[in-house]
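Just so it is clear: chains get the letters A, B, ... in the order the sequence lines come, proteins before strands, and each one is counted from 1.
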Amino acid sequence: MPELPEVETVRRGLAPVFEGGTIARVEARRKDLRFPFPPRFAARLAGRRVLALRRRAKYLIAELDNGEALVMHMGMSGSFRVDKDDEPGNPGVPRGKKAAHDHVVVHFEGGARATYNDPRRFGFMLLFGDGELATHPLFRGLGVEPLGEGLTVRSLAEALRGRTAPIKAALLDQRVVAGLGNIYVCEALHRARVSPFRTAGSLVAKSGAPSRDLTRLAAAIEAVLREAIDAGGSSIGDHRLTDGSLGYFQHSFRVYGREGAACSTPSCKGTIARAAQSGRSTFYCPLCQK
DNA sequence: CTGTGTTCCTGTTCGC
DNA sequence: TGCGAACAGGAACACA
């Protein structure tokens, strides 16, 4: 489920509990998710204080007071639920009650709990040693963060130059831009009026200079992510939506899941179509995306 | 190195 | 209503 905006929304929802909190104990209710839990996973977390909860691409990173880092990925179907014992009206699952697919529960001193639920178990949790974030294969090749200073038209041009894969596939590649997924790639390409079938390299001039289309695309990526985060931000505090669901922004999709609908581009008479690209669904307007 | 297809797993939705 | 098929937001991996 979660792409960058959802992961960021989850981070903001979890931060009040994680940051500054001390982990009392961890329940890992099975031996693995996508990958096996690290050796002595629960024991190594117990007693640790969380200094900060960060996000990189679609990863959540809890920095611990011993220099290690708890790295979490929610895969396709992962979600977190936060429960605080000192809130009598808390709509979350009552203490001790186990919902299906609740695989990990992090108990904090003071009684707050963060419960990780993941039916498909494509998510995972790892413990990195001091400094491992910079060198671990999962992080080593990650591209720039699309928000903040990382993503520039120039950096995009450099990453895409000469590539013959469709721009849709290139943007899904986490080495190009970190954190984009199928939904937001579709949305960004539509906003930029760029066809998902164009080769990535066609957006870059032979000289390496970015095209006008690429300039629009970079702006569209940033805009759609920011809007989605803002929409998610408005849902923080609602326990049902602190879980990484798409929140209110799904009502703002212009192409994703809208096959057959009228294109929303002003004065465009197109109809949103759906195609398969590298095994995933692409939603686009055949008329205004060139 | 680059690009593409397969695979992990379970739940939900769709067409008959 | 039931039931099999298609599909799902990720990304590691194998392979051409």
Separation of atom [atom1] in [X] from atom [atom2] in [N], rounded to whole Å:
| X | N | atom1 | atom2 | result |
| --- | --- | --- | --- | --- |
| A:Arg56 | C:dG10 | CZ | P | 16 Å |
| A:His136 | C:dA11 | NE2 | C1' | 14 Å |
| A:Arg140 | C:dA12 | CZ | P | 15 Å |
| A:Lys58 | C:dG10 | NZ | P | 4 Å |
| A:Leu4 | C:dA11 | CG | P | 11 Å |
| A:Lys168 | C:dA11 | NZ | P | 14 Å |
| A:Leu142 | C:dA12 | CG | C1' | 13 Å |
| A:Phe124 | C:dC13 | CZ | C1' | 14 Å |

* To do: Tell which nucleotide pairs with B:dT4, taking only Watson-Crick or G-U wobble pairs whose two distances are both under 3.5 angstrom.
  => C:dA14
* State the pairing partner of B:dC16; accept Watson-Crick or G-U wobble contacts with both distances under 3.5 Å, and report none otherwise. => C:dG2
Under 4.0 angstrom, heavy atoms only, what part of the nucleic acid is [X] near: base, sugar-phosphate, or nothing?
| X | answer |
| --- | --- |
| A:Tyr59 | sugar-phosphate |
| A:Arg175 | nothing |
| A:Leu138 | sugar-phosphate |
| A:Gly279 | nothing |
| A:Arg34 | base |
| A:Pro5 | nothing |

* To do: Over 60° means perpendicular and under 30° means parallel, so classify the ring planes of A:Phe128 and A:His136, tilted if in between.
  => parallel
* Asked: Taking the inter-plane angle between the rings of A:His73 and A:Tyr59 on a 0 to 90° scale, is it parallel (under 30°), tilted (30 to 60°) or perpendicular (over 60°)?
  -> perpendicular
Is the shortest distance from a Lys or Arg side-chain nitrogen in [X] or [Y] to a carboxylate oxygen in the other one below 4.0 Å?
| X | Y | answer |
| --- | --- | --- |
| A:Glu6 | A:Lys58 | no |
| A:Asp118 | A:Arg121 | no |
| A:Arg56 | A:Glu145 | yes |
| A:Glu8 | A:Arg226 | no |
| A:Glu63 | A:Arg54 | yes |

* Nearest atoms (heavy-atom pairs only) where A:Leu53 meets A:Met72 -> CD1-CE, 4.1 Å
* Any side-chain N or O of A:Ser281 less than 4.0 Å from the OP1 or OP2 oxygen of C:dC7? -> no
* To do: For C:dC7 versus B:dG5, give the span between their P atoms, rounded off to a whole number of Å.
  => 15 Å
* To do: Could you tell me whether the side-chain ring of A:Phe122 sits stacked on the base of C:dG10, using a centroid cut-off under 5.5 Å and a plane angle under 30°?
  => yes
* Asked: Under 3.5 Å, is there an N or O donor on one side and an acceptor on the other linking the side chain of A:Arg280 and the base of C:dA8?
  -> no
* Asked: How would you give the extent of chain A contacts on DNA chain B, as first and last nucleotide 5' to 3' within a 4.0 Å heavy-atom cut-off?
  -> B:dG3 to B:dG11
